[in-house]
Amino acid sequence: MWTESVREVFPDAGFRGPAGASAIVEAERRLGRVLPADLKQLLSESDGVLGHSHVDTVWSLDEIVEQNLRFWSDETFAELYMSFDALLFFGDNGGGDQFAFVRKPRRPDVFVWEHESDSRRWVANDLGDYLRRSLRVGGDDWYQP
């Protein structure tokens, strides 16, 4: 379902082999959080999505775990930025800005964290909307007003 939807918007998207169910369970254990159902389904079809210019539109499961654990625990980040505890990052634009679900309160919307200003703002209704917007337009600033 997800790979077909992505190909309709961007036929040149890159896909990896699927993430196994046990790997997803282990990732959730390591994160101490349940992944959104849509993200789990996408990862079970393809362990990440490569968009325009080979940007990780959706990270691999390992990258999701590693990046989030780093964002939630890095003391340097804690000194520079507002807390990332409410966010679950899952992709980036290739230029430093990251895309995330809001976990507190739980909602399907996707937000961007702009690393230069530490701003966080809405960019898509859900994962499907995010994929359509980011892959249709291309370029690393598709989400800019």
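- Here the shortest heavy-atom pairing between V55 and G94 reads CG1-N, 3.7 Å.
- Closest heavy-atom contact between S44 and P18: O-CB, 2.9 Å.
- Scanning all heavy atoms of the two residues, the minimum distance from E114 to D97 falls at CA-OD1, 3.2 Å.
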What verdict does the side chain to side chain contact (heavy atoms under 4.5 Å, CB included) test give for R33 and E28, after you've listed the backbone C-alpha separation in whole Å, the side-chain angles of each residue and the deciding distance to 0.1 Å? CA-CA 5 Å; R33 300 175 187 199; E28 290 178 326; over 6 Å; no
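- Considering CG of L87 and CG of N68, their distance stands at 8.5 Å, rounded to 0.5 Å.
- Cluster annotation: V65 and F84 are assigned to the same hydrophobic cluster (Ile/Leu/Val/Met/Phe/Trp/Tyr, side-chain heavy-atom contacts under 4.5 Å, transitive).
- Between the side chain of D141 and the backbone N or O of Q144 there is no donor-acceptor pair closer than 3.5 Å.
- A donor and an acceptor atom, one from each side chain of W113 and D118, are located under 3.5 Å apart.
- Within the 3.5 Å criterion, the main-chain N or O of E63 finds a donor-acceptor partner in the side chain of S60.
- The two atoms that bring V110 and F99 nearest to each other are CG1-CB, 4.1 Å, heavy atoms only.
- Clustering ILVMFWY residues whenever any of their side-chain heavy atoms sit less than 4.5 angstrom apart, transitively, puts F101 in a cluster other than the one holding M82.
- Side-chain contact between D109 and D126 is absent, with no heavy atoms from C-beta onward closer than 4.5 Å.
- Of all heavy-atom pairs between H115 and Y81, the closest is O-CE2, 3.7 Å.
- The side-chain heavy atoms of L131 and V9, taken from C-beta on, include no pair separated by under 4.5 Å.
- Rounded to the nearest 0.5 Å, atoms OG (S83) and NZ (K104) are 7.5 Å apart.
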F111 and V102: side chain to side chain contact (heavy atoms under 4.5 Å, CB included), yes or no, with the steps? CA-CA 7 Å; F111 285 74; V102 173; 3.4 Å; yes
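- Under a hydrophobic clustering in which Ile, Leu, Val, Met, Phe, Trp and Tyr are joined whenever their side-chain heavy atoms come within less than 4.5 Å, directly or via other members, V112 and L88 fall into the same cluster.
- Taking the side chain as every heavy atom from C-beta outward, R103 and P36 approach each other to under 4.5 Å.
- Q98 is listed as a side-chain neighbour of F71, based on a closest heavy-atom distance under 4.5 Å.
- In this structure, the side chains of R132 and S5 stay at 4.5 Å or more apart for every pair of heavy atoms.
- Between the D47 side chain and the L43 main chain, no donor and acceptor come within less than 3.5 Å of each other.
- Cluster membership check: V34 does not share its hydrophobic cluster with L42, using side-chain heavy-atom separations under 4.5 Å among Ile, Leu, Val, Met, Phe, Trp and Tyr.
- Rounding to the nearest 0.5 Å gives a distance of 13.5 Å between CG of L127 and NZ of K40.
- Note that NE2 of H52 and CH2 of W142 are 11.0 Å apart. Values are rounded to the nearest 0.5 Å.
- For R7 and W2, the positive end is not near the middle of the six-membered ring at less than 6.0 Å and at most 45° from its axis.
- In this structure, a donor-acceptor pair under 3.5 Å is absent between the side chains of N125 and Y130.
- Distance check: D62 CG to E26 CD gives 10.0 Å after rounding to the nearest 0.5 Å.
- The backbone N or O of Q67 lies less than 3.5 Å from no partner atom in the side chain of W72, so there is not a single donor-acceptor pair.
- Grouping the Ile, Leu, Val, Met, Phe, Trp and Tyr side chains by contacts below 4.5 angstrom, directly or via other members, places W122 with Y143.
- F90 CZ to L39 CG: the interatomic distance, rounded to the nearest 0.5 Å, is 7.0 Å.
- Between R16 and L50 the shortest heavy-atom distance is NH2-CD2, 3.6 Å.
- A donor-acceptor pair shorter than 3.5 Å can be found between the side chains of W59 and D92.
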Just do the side chain to side chain contact (heavy atoms under 4.5 Å, CB included) check on R30 and L69 with the steps written out, would you? CA-CA 9 Å; R30 288 186 62 204; L69 292 176; 3.7 Å; yes
Should L35 and L61 be marked as a side chain to side chain contact (heavy atoms under 4.5 Å, CB included) after you check the CA-CA gap, both sets of side-chain angles, and the distance that decides it? CA-CA 10 Å; L35 296 173; L61 185 59; 3.9 Å; yes
